[in-house]
Amino acid sequence: MPNTVYDPPALAQGTLRVTPLGGLGEVGRNMTVFEYGGKLLVVDCGVLFPEEHQPGVDLILPDFEPIKERLDDIVGLVLTHGHEDHIGAVPYLLKLKSDIPILGSGLTLALTEAKLKEHRIKPYSLTVAEGQRENVGPFDLEFIAVNHSIPDALAVAIRTPAGTVLATGDFKMDQLPLDGRLTDLRAFARLGEEGVDLFLPDSTNADVPGFTPLERSIGPVLDQVIAKAPRRVIVASFASHVHRVQQVIDAAYAHGRRVAFLGRSMVRNMTIAEELGYLNVPEGVLIDYKQARELPDDRIVYMSTGSQGEPMAVLSRMANLDHEIEPGPGDTVILASSLIPGNENAVYRVIDGLTKLGANVVHKGNAKVHVSGHAAAGELLYCYNILQPRNVLPVHGEFRHLRANAALAQDTGIAPERTIIGENGTVVDLRDGEASVVGQLDLGFVYVDGSTVGEITEADLKDRRILGEEGFISVIVVVDAATGKIISGPEIHARGFAEDDAVFDSVKPKIASALTEAAQSGVRDTHALSQVVRRTIGRWVNQSLRRRPMIVPLVIEA
C-alpha cells in the first residue's frame, strides 16, 4: 500500500531532514536530499531505465519538484560512484542550476564530466578521496572507501549538530578485491564508536543469503571460455564495469587475442579509465573495431554494451542483424552482468535471438561470468553489528529488498520502530538520536523521451500501450452545418488490425444512423458528434472484434 500523501511541518531548529527522491521501491534513480539549517545537500542523482510498459521512453529521472524552488539552497551534490543509476540525472539537475558544486572521487567525476560535456555544461567540481573530510555548508562530510563493481566508490558520513548519518552508496565487502581497495570496515567501526544516528544502507542484495562471491572468481571462468572459443568472442557488460573489462582484456591477452570496444559509452568510459590508471591495457591489445574486422575470427574479442537487452544497444542490434558485426555459428557471446529487475524478458529475447543465429551464449544462468556488486545479507549483518546504528532507513532496492534489509537490522537488535521502510518522497526528521517519518511527498516519474524532459505523462504512455496492443482506428465524416445530415463518409481507416478495412463496412450504417439521430435531437457541435462516432464504433469493435483500439473520430462541418 502506498503511503498517504501529507506535507511535512516546517523544519524545526536543530533537526536534520532526510528525503529520498528516488531509489526506494526501484533499482535506479538514486537521489537523497538532506536539509539542515535552511541548506540542502544532495547525495547522488541517477536515472532509472524504462521497462517494457513504458514504450518510447529513454530514461526516467528523479522528480526534482521538491527542490526546484530551492536550488540556491543546495550547497553540494555528492556522487558516491560512477554508475548511471547514481550519476545519470546530473545533467538534468545542472540544467536547472549549473554551478551546484559536485563532490566525488577522481573516476566518478571524470565519468560525470564527460557526460556533462555532451550537454555543454562545465561543472564546478571538487575531487575527494577516502579519509578526506570536507565542510560543505552546515554539513561535515567524511568520505570512506567502499568496494563495488566500479573503482573509486565512496560511502559518505554526514555529521550535523542533529546527528551523524552514514550513506553507503552501492557497496559490498569483497575481501580479495581486484584493485586491492577494501571496504574500510575500520572507518565503519570508528563511526560506530562515535555513534551513527541514521544508517542508509544499500538494499539490492539484502534478500540474498550469505556473502557475495569474489570478483576474482570470474577471471578464470572468462579465461576458460575465451580459451575454448573457436571463433569470435563478444562480451557484453555495463559500460562502466572497469573490473570486468580488465578481466576480459587479461584473458584476451593471455590467449593472443586483440580487444575492440563497441558502443559509444563503452569507448568513452574505458578511455577515461585507462587515462586515469584504473584500466591496465597491455601494449597493442586494443584495436579499433574497423581494423578488428580484418583479423582472423579466433584472434578478436569484442567488448560491447547491451547486457540488459536495451533495444538500441550493440548486443540487441547484433541479435536483430542490425549491426555490422553479425554473430553466427562458432561465435561465443558472454553476458557478463546481472539482470536488473524488469529487464529479464528483454535479456532472454536477446539470448534467444543470438542462439537462433548459431552463437554459443554464456550467461549467469549457465556459467559464473558475473558476480554482484552489492552486499548480501551476511555482509549487511556485519555492518549492522559494527555500526550499531540508532535508526535505519534502507535505500536502493525494490520493496522486497528494503523489507529484507530492515529485517536484518532487527535481527541484530535494532528496534522495529527504529527501522523505517520508506518510499520515494518519505520525509524523515532526525533529532536527538531519533528518526521519525513526518511527511510523504507526492512524487512522480519524470520521463526523458528524445529531447523532451517531463512532457510525457502516464496518459501518453497508456495511449502508446493501447496503440501497440490494440491498434488504431480513424473515422472521418463530413456533415451539413445547417441540418447535421451526412454529406460524405464515414470513411474508416485502421492500423494494427489483421482484418481488411472492408470489415468496417457493416458498422458504417450504424454510425450514419447514430449521427442522424443526434442531428434530429438538435446536436450540431462537432465535438459532441465526434463522441457519438467514438461510442458507436467503439461498442461495435469491442463486440465484434474483441478489441479496444485507440479511436480518433473527425467530424467536419461543410
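For reference, positions follow the sequence shown, starting with 1. The structure displayed is predicted, hence computed values, not measured ones.
Leu387 places a side-chain heavy atom less than 4.5 Å from the side chain of Leu166. No side-chain heavy atom of Thr32 sits less than 4.5 Å from a side-chain heavy atom of Val42. Taking 4.5 Å as the limit, some side-chain heavy atom of Val361 sits within range of a side-chain heavy atom of Leu335. Side-chain contact check for Val233 versus Arg257: some heavy-atom pair is nearer than 4.5 Å. Residues Asp140 and Ile158 have side chains not in contact (no heavy-atom distance under 4.5 Å, counting atoms from C-beta outward). Side-chain contact between Cys45 and Leu61 is absent, with no heavy atoms from C-beta onward closer than 4.5 Å.
For Glu274, there are no side-chain hydrogen bond (donor to acceptor under 3.5 Å, both in side chains) partners at least two apart in sequence or on another chain. Residues satisfying the side-chain hydrogen bond (donor to acceptor under 3.5 Å, both in side chains) criterion with Asp73, sequence neighbours excluded, are Arg70. Legend: residues meeting side-chain hydrogen bond (donor to acceptor under 3.5 Å, both in side chains) with Glu84, ordered by chain and number and at least two apart, are Lys115. With sequence neighbours excluded, no residue satisfies side-chain hydrogen bond (donor to acceptor under 3.5 Å, both in side chains) with Arg403.
Under the side-chain hydrogen bond (donor to acceptor under 3.5 Å, both in side chains) criterion, the residue pairs touching residues 173-184 are Glu130-Arg181, with sequence neighbours excluded. The list of salt bridge (Lys or Arg N to Asp or Glu O under 4.0 Å) pairs with a residue in residues 198-214, not counting sequence neighbours, reads Asp207-Arg400.
Ring pair His148/His81 is perpendicular by interplanar angle, where above 60° counts as perpendicular and below 30° as parallel.
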For this session: Given side chain to side chain donor-acceptor pair (under 3.5 Å), test Asn269 with Ser240 step by step and report yes or no.
Result: CA-CA 6 Å; Asn269 291 352; Ser240 52; 4.9 Å; no
For this session: Run the numbers on Arg29 and Asp85 for salt bridge (charged side-chain N to carboxylate O under 4.0 Å, His left out), then give the verdict.
Result: CA-CA 5 Å; Arg29 286 208 306 170; Asp85 58 338; over 6 Å; no
For this session: Output, in order, the C-alpha distance, side-chain angles, deciding distance and verdict of salt bridge (charged side-chain N to carboxylate O under 4.0 Å, His left out) for Arg159 and Glu142.
Result: CA-CA 8 Å; Arg159 292 179 176 88; Glu142 180 181 353; 2.9 Å; yes
Exercise. Between Thr412 and Asn385, does a side chain to side chain donor-acceptor pair (under 3.5 Å) hold up when you go through it step by step?
Worked result: CA-CA 7 Å; Thr412 65; Asn385 285 328; 4.6 Å; no
Exercise. Given the rule in the side chain to side chain donor-acceptor pair (under 3.5 Å) test, do His255 and Asp223 qualify, once you have shown the distances and angles that lead to the verdict?
Worked result: CA-CA 8 Å; His255 298 287; Asp223 188 88; 3.1 Å; yes
Exercise. Should Asn424 and Glu26 be marked as a side chain to side chain donor-acceptor pair (under 3.5 Å) after you check the CA-CA gap, both sets of side-chain angles, and the distance that decides it?
Worked result: CA-CA 9 Å; Asn424 295 333; Glu26 59 200 3; 2.9 Å; yes
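One distance of note links OG1 of Thr160 with CG of Leu198; it measures 10.0 Å at 0.5 Å rounding. Remark: Ser149 OG to Leu178 CG distance equals 11.0 Å, nearest 0.5 Å. Here the NZ atom belonging to Lys95 is positioned 9.5 Å from the CG atom belonging to Leu116, to the nearest 0.5 angstrom.
Between Tyr382 and Phe211 the shortest heavy-atom distance is CE1-CZ, 3.6 Å. Smallest separation of non-hydrogen atoms from Ile414 and Arg390: CG2-O, 4.4 Å. In terms of heavy atoms, Val371 sits closest to Ser217 at CG1-OG, 4.1 Å. In this structure, Ala435 and Arg418 approach most closely via the heavy-atom pair O-NH2, 2.9 Å. The heavy-atom pair separating Arg244 from Glu215 by the smallest distance is NH1-OE1, 2.7 Å. Between Pro213 and Lys172, the shortest heavy-atom distance links the atoms O-NZ, 4.4 Å.
With hydrogens and angles ignored, the 3.5 Å screen pairs no side-chain donor or acceptor of Thr419 with any backbone N or O of Ala406. A distance-only check finds no donor-acceptor pair linking the side chain of Asn405 to the backbone of Ala206 [under 3.5 Å]. Side-chain atoms of Asn391 come within 3.5 Å of backbone N or O of Asp197 as a donor-acceptor pair. Remark: the backbone N or O of Val395 is paired with a side-chain donor or acceptor of Ser203 at under 3.5 angstrom. Between the side chain of Glu113 and the backbone N or O of Ala110 there is no donor-acceptor pair closer than 3.5 Å. Side chain of Asp44 to main chain of Gly169: no donor-acceptor pair is present (N/O by atom type, distance under 3.5 Å, no hydrogens or angles). Using modelled atom types, one side-chain atom of Thr112 and one backbone atom of Thr108 make a donor-acceptor pair closer than 3.5 Å.
Residues His396 and His374 place their aromatic rings such that the two centres sit under 6.0 Å apart. If you look at Phe199 and Tyr384, their ring centroids are closer than 6.0 Å.
At most 12 heavy atoms of other shown residues, nucleotides or ligands fall within 6.0 angstrom of atom CD in Glu69. Environment of NZ in Lys117: sparse, with no more than 12 heavy atoms of neighbouring residues, nucleotides or ligands closer than 6.0 Å.
Checked options Thr19, Val43, Leu40; the residue passing with Phe34 is Val43 (criterion: side chain to side chain contact (heavy atoms under 4.5 Å, CB included)).
A salt bridge is absent between Glu193 and Arg190; no separation between the charged side-chain nitrogens and carboxylate oxygens falls under 4.0 Å.
Side-chain polar atoms of Asp429 and Thr15 form no donor-acceptor pair below 3.5 angstrom.
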